[in-house]
S.K.: 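Please see the structure below; I have some questions.
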Number of protein chains: 2
Amino acid sequence: MIRVMVVDDQALVRRGFALVLDNEPDIEVVAEAGTGVEAIEAAREQQPDIILMDIRMPEMDGLEATVHILEAGDAACRVIILTTFDPDEYVFRALQAGASAFVLKDIPPEALVQAVRTVADGGAMLAPGITRRLISQFAQKLGAGRNLAERLQRLTTREREVLAAIAAGKSNAEIAAALFIGAATVKTHVSSVLSKLGLRDRAQAVVFAYECGLATVGERDVGF
Amino acid sequence: MIRVMVVDDQALVRRGFALVLDNEPDIEVVAEAGTGVEAIEAAREQQPDIILMDIRMPEMDGLEATVHILEAGDAACRVIILTTFDPDEYVFRALQAGASAFVLKDIPPEALVQAVRTVADGGAMLAPGITRRLISQFAQKLGAGRNLAERLQRLTTREREVLAAIAAGKSNAEIAAALFIGAATVKTHVSSVLSKLGLRDRAQAVVFAYECGLATVGERDVGF
DNA sequence: TCCGATCTCCCCCAAAAGGTGGAGATAGCC
DNA sequence: GGCTATCTCCACCTTTTGGGGGAGATCGGA
């Protein structure tokens with residue numbers, strides 16, 4: 001049995017969703033809430049598996065409530081964001097907040113039921129148009145450094161190691177220590193890297209490393 | 001009427017999908033192909049709206065064929081990748097190749113039909129588990145620089161502008177020219193930025209900018 | 001009005017970075 | 001054995017960078 005909570009400030013909408021879901025044999029609506037604050041409270045008491053969350057609500061919006069509920073963590077629940085429109089900002093904030101699904105309110109009832117089952121099953125679901133944008137953004141990132149990666153191939157192994165170290169924010173002296181070579185050697189390698197890639201200084205080298213995928217956002221803790 | 005082509009090296013599988021789709025009143029299967037090469041040929045001749053593409057095939061795999069077909073471009077078609085398993089590498093390669101959907105072969109027939117309609121309608125669709133991974137990867141990137149973004153707030157407006165310029169690979173002189181201020185002033189700002197953020201040199205500043213989201217991969221053409 | 005923050009610019013100086021040219025050692029290839 | 005590529009290091013030099021300290025102007029708030 002999938003235990004669901006429905007959160008929406010409009011009682012009518014809320015009841016509508018609740019009725020549709022409660023009608024399913026394997027789904028049970030265990031709570032309803034009309035504000036973000038109520039939602040947090042109810043989530044803690046009822047520990048639902050799935051929360052259907054509206055975004056625009058008085059007191060506290062659905063995204064903020066989602067963050068709180070998921071951070072509390074005692075509830076191993078997943079959140080489905082429901083919204084009327086799909087402005088980009090909401091989508092990104094929702095994904096960042098930890099939502100498992102983002103669907104528009106105009107989806108057919110069966111699709112909503114299916115979404116609940118999918119998410120309860122560990123899956124995720126996005127409205128088709130949103131998936132499209134997410135994919136295109138992702139593909140852009142993936143494909144960004146293709147010609148750059150080719151230029152990267154002109155470097156020797158050692159030079160790529162040095163470039164990676166530069167992209168980690170290391171000074172020449174630190175690179176020397178890390179690679180167990182002399183400072184003079186590092187300078188030689190750095191010069192080769194810059195001239196082979198057509199760059200001017202190590203700052204540009206860092207940019208290059210990120211753009212071509214040699215360095216990646218999120219893989220380092222900036223604790224210089 | 002949605003014109004569909006089915007590509008799979010196993011004739012039985014191919015026929016199965018074709019029959020399911022042809023059974024729908026608004027869908028017409030206009031071509032079938034058993035290899036990537038055949039698919040490219042058929043796509044050019046028949047100009048289908050949607051291509052159901054298997055990945056593993058002899059002669060040329062589905063992803064390579066997808067790239068060729070979409071690059072040809074004369075066909076304004078969208079590709080749905082069908083596969084038995086869902087190894088990550090395939091997913092990323094598929095998205096990069098330009099696929100609009102990535103679904104597993106075990107989806108129920110109605111869902112496949114729905115996917116075809118969704119994609120024909122300009123949407124995109126991913127298998128639930130894949131959507132989940134895509135979201136988590138995306139959320140990771142988005143959330144990467146949260147504490148960092150706070151540190152960013154300690155900078156003044158001008159200092160953030162300077163930091164952005166540093167992250168663009170500009171030298172102090174270039175920044176001065178870009179912001180219409182003196183070189184000495186730039187040095188002052190750079191010093192403030194570094195000391196406020198606890199960084200040592202501009203290379204680390206570039207790293208910081210990428211990690212906190214001030215700079216983003218793919219937004220710049222590295223044409224220093 | 002005075003204070004603090006910000007933006008602007010200056011001087012001096014030390015350290016780091018980057019360029020040029022050279023050189024020895026090793027390894028693989030024709 | 002020559003030839004090339006790579007890795008290692010050195011010396012010399014110029015430019016850039018970054019730090020320290022100071023200073024004038026503006027603006028907004030206490």
Side-chain angles (χ1 to χ4, degrees), chain A residues 148-212 214-215 222-224, chain B residues 148-212 214-215 222-224:
Chain A
L148 272 46
E150 289 170 21
R151 281 208 258 167
L152 200 59
Q153 289 314 307
R154 290 209 276 273
L155 300 183
T156 67
T157 307
R158 205 52 160 171
E159 286 162 352
R160 271 193 296 275
E161 288 173 15
V162 171
L163 176 55
I166 291 175
K170 288 187 164 73
S171 68
N172 286 344
E174 286 170 341
I175 297 174
L179 298 183
F180 305 107
I181 56 180
T185 310
V186 175
K187 290 187 67 172
T188 305
H189 287 314
V190 172
S191 285
S192 305
V193 170
L194 296 181
S195 91
K196 281 188 183 179
L197 297 179
L199 307 172
R200 184 183 48 199
D201 47 52
R202 59 207 300 111
Q204 291 192 340
V206 176
V207 174
F208 184 93
Y210 272 96
E211 294 295 332
C212 79
L214 213 191
V222 184
F224 294 124
Chain B
L148 274 43
E150 289 169 22
R151 281 207 259 167
L152 201 59
Q153 288 314 308
R154 288 208 277 274
L155 300 183
T156 67
T157 308
R158 204 52 161 171
E159 287 163 352
R160 271 192 297 277
E161 289 174 14
V162 170
L163 176 55
I166 291 176
K170 288 187 165 71
S171 68
N172 287 343
E174 286 170 341
I175 296 174
L179 299 183
F180 304 107
I181 56 180
T185 310
V186 175
K187 290 187 64 174
T188 306
H189 288 314
V190 171
S191 285
S192 306
V193 170
L194 295 180
S195 92
K196 282 189 183 177
L197 297 179
L199 307 173
R200 184 182 47 200
D201 49 51
R202 58 208 301 113
Q204 291 192 341
V206 176
V207 174
F208 183 92
Y210 272 96
E211 295 294 333
C212 79
L214 213 191
V222 185
F224 294 122

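Because the structure is a prediction, the values reported are computed rather than measured. Below, chains carry the letters A, B, ... as their sequence lines are ordered, and counting in each starts from 1.
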S.K.: Going by side chain to side chain contact (heavy atoms under 4.5 Å, CB included), A/Val190 matches just one of A/Leu163, A/Ile166, A/Asp201. Which one?
M.R.: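 Among A/Leu163, A/Ile166, A/Asp201, the one meeting side chain to side chain contact (heavy atoms under 4.5 Å, CB included) with A/Val190 is A/Ile166.
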S.K.: Indicate yes or no for a side-chain donor-acceptor contact from A/Arg202 to the backbone of A/Lys170 under 3.5 Å, with no hydrogens or angles considered.
M.R.: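 Yes, the answer is positive, given that a donor and an acceptor are paired below the 3.5 Å cut-off.
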S.K.: Please tell me if the side chains of A/Leu152 and A/Phe208 come closer than 4.5 Å, counting only heavy atoms from C-beta onward.
M.R.: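 They are in side-chain contact.
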S.K.: Tell me which residues in residues 171-185 of chain B lie within less than 4.0 Å of DNA chain D, going by non-hydrogen atoms.
M.R.: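 Those residues are B/Ser171, B/Asn172.
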S.K.: May I ask you to say what A/Ser195 touches in the nucleic acid, namely base, sugar-phosphate or nothing, with a heavy-atom cut-off under 4.0 Å?
M.R.: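 The answer is nothing, as A/Ser195 stays clear of every strand by at least 4.0 Å.
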S.K.: Where do A/Leu194 and A/Ala205 come nearest, in terms of heavy atoms and distance?
M.R.: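 Heavy atoms of A/Leu194 and A/Ala205 come nearest at CD2-CB, 4.2 Å.
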S.K.: Give me the atom names and distance for the closest heavy-atom approach of A/Ala215 to A/Ala167.
M.R.: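 Taking A/Ala215 first and A/Ala167 second, the nearest heavy atoms are CB-CB, 4.1 Å.
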S.K.: Please list all pairs passing the side-chain hydrogen bond (donor to acceptor under 3.5 Å, both in side chains) test where one or both residues lie in residues 176-187 of chain B, with sequence neighbours left out.
M.R.: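 Qualifying pairs: none.
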S.K.: Do A/Arg151 side-chain atoms and A/Lys196 backbone N/O form a donor-acceptor pair below 3.5 Å?
M.R.: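 Looks like no, no N/O pair under 3.5 Å.
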S.K.: In sequence, state the C-alpha distance, the side-chain angles, and the governing distance for A/Arg154 and A/Arg160, and then conclude on side chain to side chain contact (heavy atoms under 4.5 Å, CB included).
M.R.: CA-CA 9 Å; A/Arg154 290 209 276 273; A/Arg160 271 193 296 275; over 6 Å; no
S.K.: I'd like to know if the side chain of A/Glu174 and the backbone of A/Ser171 have a donor-acceptor N/O pair within less than 3.5 Å.
M.R.: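 Here the side-chain-to-backbone pair exists.
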S.K.: First contact, last contact: which nucleotides of DNA chain C are these for chain A, 5' to 3', heavy-atom distance under 4.0 Å?
M.R.: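 On DNA chain C, the outermost contacted nucleotides are C/dA17 to C/dG19.
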S.K.: For a 4.5 angstrom cut-off between non-hydrogen side-chain atoms, does B/Val186 reach B/Leu179?
M.R.: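 Not touching, per the 4.5 Å side-chain cut-off.
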S.K.: Given that B/Lys196 and B/Asp201 both sit by DNA chain C, which one's nearest nucleotide is further toward the 5' end?
M.R.: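 By nearest-heavy-atom nucleotide position, the 5'-most residue is B/Lys196.
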S.K.: If we only count heavy atoms from C-beta on, is the B/Val207 to A/Tyr210 side-chain gap below 4.5 Å?
M.R.: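 In short, these two side chains touch, coming nearer than 4.5 Å.
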S.K.: End-to-end bend of the helix from C/dT1-D/dA30 to C/dC30-D/dG1 (five-pair axes, 10° rounding)?
M.R.: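 Its terminal axes enclose an angle near 30°.
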S.K.: Would you grab the first and last nucleotide of DNA chain D (5' to 3') that comes under 4.0 Å of any non-hydrogen atom in chain A?
M.R.: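 The protein-touched segment is D/dT6 to D/dC10.
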S.K.: I'd like to know if the side chain of A/Arg158 reaches the main chain of A/His189, judged simply by a donor and an acceptor atom lying under 3.5 Å from each other, with no hydrogens or angles considered.
M.R.: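 Between the backbone of A/His189 and the side chain of A/Arg158 there is no qualifying donor-acceptor contact (under 3.5 Å).
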S.K.: Mind checking what makes side chain to side chain donor-acceptor pair (under 3.5 Å) contact with B/Thr156, not counting sequence neighbours?
M.R.: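 Per chain and number, B/Thr156 pairs via side chain to side chain donor-acceptor pair (under 3.5 Å) with B/Glu159.
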